[in-house]
Amino acid sequence: MPNPSPIIDLRSDTVTKPTPAMREAMLAAEVGDDVYQEDPTVNRLEELAADMVGKEAALFVPTGVMGNTIGLKLHTQHGQEIICEARSHVMNYELSMMAWFTGCLARTVPSPNGILSWAAIAAEIRSLGPHWAPTGLIEIENTHNVGGGHCYTLSAIDEICEGAHARGLAVHMDGARLFNAAIATGVAARRIVQYVDTVMFCLSKGLGAPVGSILAGSRHQIDQARLYRKRLGGGMRQAGILAAAGIYALENLVNRLAEDHENAKLLASEVAANTSLTVEGGEPSTNIVMFNTVASSWNAAQWSQALKERGVLMNPMGPHLLRAVTHYDVSRADCQAAAAIFPTLEATPLNFPTA
């Protein structure tokens, strides 16, 4: 792990830098034109990714947003509804691509820690009628970002898939941090997504690659997805340079995600024990900590600003939620140092506007 740095960046696991070995793999990558499906390194990445999640085929896309957008489009028609959790990424953080590209309306369901149940979903399913849009798809997010990085249980996913398929509905999983869920639950990624129809996961978050995500599903779905990728401007030509980083990440950096989870638990427990902040949703399951600032005299934005002045970066996720995300470039010592700053700040008068 790297040594503690002057800036401790806990805004997101997207800020990770490629490791030296990953850079070497990128430098040595054999490339071709991926739009013609002639880039051997991209092809290898897609085959490896499909195998790791137990799907027939996979597609390398530039971003998770593009992967989710295509995943939603594959299963729906304009004018339908997509059931998703109220704080889901596809609903709140993807510039309304669900509506803009898919032509569907979100039917949101608020759930504890962002984890939907089949009972909650079933209550919102709508059939074709004269006054409302029919349900076209079920979307679940695992791990759930704003829900504090918590994971679905295997039984919950299986029940949702069984219920949806019995109703003739597909299930898409936003698995941006799927491998965090796999490490946290001890269940292989391919088993977690065994019954979901399509899954997107990111290479550029905890896995540390500089760019890219994967969309996986049936071969027919991925053939169609490749056309949607082109429509969205995602044909990247000699993308093997980037795909090589993804291959390295999948082959070498999955198991070390456990370190990030332990660091998140340390950070959460130290801050909660020594300040008025509480941990939303209880002990972190993975690498995301959501601190609730309601009991503090400062709101989340003020905490974020005060921490920034002391060299610690965290994002406010609402008036009273402050998010910290651990990752490869933040060591255990960094987390200890960041946690130690919180009580000193709380004991200091606020020195910037409260508005």
Side-chain angles (χ1 to χ4, degrees), residues 1-2 9-27 29 31 34 39 41-42 44-46 48-50 52-53 58-71 89-90 93-95 97 141-146 149 173-183 189 193 198-216 225 229 232-257 259-261 263-264 286-288 313 315 323-330:
M1 291 294 291
D9 195 342
L10 291 159
R11 290 173 299 172
S12 177
D13 43 8
T14 60
V15 303
T16 53
K17 306 293 194 301
T19 68
M22 187 181 287
R23 289 178 185 270
E24 290 178 10
M26 295 170 72
L27 180 64
V31 299
D34 181 48
D39 189 303
T41 308
V42 173
R44 182 184 164 207
L45 169 63
E46 291 175 345
L48 172 64
M52 290 182 73
V53 295
L59 182 68
F60 184 43
V61 294
T63 69
V65 171
M66 184 180 288
N68 277 335
T69 296
I70 295 171
H89 201 276
V90 296
Y93 299 103
E94 299 190 1
L95 290 171
M97 284 298 284
E141 184 176 327
N142 189 33
T143 68
H144 196 289
N145 182 355
V146 182
M173 179 183 287
D174 174 356
R177 297 179 175 89
L178 171 64
F179 288 95
N180 290 92
I183 293 297
V193 303
T198 51
V199 58
M200 183 282 296
F201 66 85
C202 290
L203 301 166
S204 57
K205 291 188 168 69
L207 294 178
V211 174
S213 294
I214 294 290
L215 177 68
R229 185 185 70 173
L232 290 168
M236 296 184 289
R237 304 300 178 179
Q238 288 75 32
I241 296 170
L242 300 174
I247 292 170
Y248 181 87
L250 289 174
E251 291 181 339
N252 297 280
L253 299 180
V254 171
N255 289 334
R256 66 143 307 277
L257 293 171
E259 297 174 32
D260 298 338
H261 300 175
N263 288 343
T286 55
N287 67 324
I288 299 176
L313 305 182
N315 281 338
R323 189 186 73 167
V325 186
T326 55
H327 52 81
Y328 181 85
D329 289 336
V330 174

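Values below: all heavy atoms of this structure, side chains included; hydrogens, waters and symmetry mates excluded.
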To the closest 0.5 Å, what do you measure between [atom1] ([X]) and [atom2] ([Y])?
| X | Y | atom1 | atom2 | value |
| --- | --- | --- | --- | --- |
| I288 | T143 | CD1 | OG1 | 4.5 Å |
| L207 | T16 | CG | OG1 | 8.5 Å |
| I241 | L27 | CD1 | CG | 9.0 Å |

Could you check whether E94 and N68, counting side-chain N and O atoms only, form a donor-acceptor pair closer than 3.5 Å?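 Note: N68 and E94 side chains meet the donor-acceptor criterion.
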
Side chains of N287 and D13: is there a donor and an acceptor less than 3.5 Å apart?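 Judged by distance alone, the side chains do pair up.
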
Would you name the heavy atoms of [X] and [Y] that are closest together and state the gap between them?
| X | Y | result |
| --- | --- | --- |
| S213 | C202 | OG-SG, 3.3 Å |
| R23 | P18 | NE-O, 3.6 Å |
| G71 | T198 | O-OG1, 4.3 Å |
| M22 | G208 | SD-O, 3.6 Å |
| R177 | S12 | NH2-OG, 4.1 Å |
| D39 | G240 | OD2-N, 2.8 Å |

Answer yes or no: is there a side-chain heavy-atom contact under 4.5 Å between [X] and [Y]?
| X | Y | result |
| --- | --- | --- |
| L215 | M66 | no |
| L250 | L45 | yes |
| M236 | V61 | no |
| F201 | V193 | no |

side-chain contact (heavy atoms from CB on, under 4.5 Å), that's the test. Do L178 and M173 meet it? Break it down for me. CA-CA 9 Å; L178 171 64; M173 179 183 287; 4.2 Å; yes

CA sep, side-chain torsions, deciding dist, call: Y248, E24, side-chain contact (heavy atoms from CB on, under 4.5 Å): CA-CA 10 Å; Y248 181 87; E24 290 178 10; over 6 Å; no

Charged N to carboxylate O below 4.0 Å: is that the case for R44 and E251? yes

Indicate yes or no: does D34 engage R229 in a salt bridge with an N to O separation below 4.0 Å.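 Salt bridge flag = yes for R229 with D34.
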
Short question: side chain of [X], backbone of [Y] - any donor-acceptor pair under 3.5 Å?
| X | Y | result |
| --- | --- | --- |
| E259 | Y328 | no |
| E46 | F60 | yes |
| H327 | D9 | yes |
| D174 | A176 | yes |
| S204 | V211 | no |

Residues in salt bridge (Lys or Arg N to Asp or Glu O under 4.0 Å) contact with R323, at least two apart in sequence or another chain: none

Using the rule given for side-chain contact (heavy atoms from CB on, under 4.5 Å), can you reason through L232 versus T69, listing the C-alpha separation, both sets of side-chain angles and the distance that settles it, and then say yes or no? CA-CA 10 Å; L232 290 168; T69 296; 4.2 Å; yes

Could you walk me through whether N263 and V330 pass the side-chain contact (heavy atoms from CB on, under 4.5 Å) test, one step at a time? CA-CA 9 Å; N263 288 343; V330 174; 5.9 Å; no

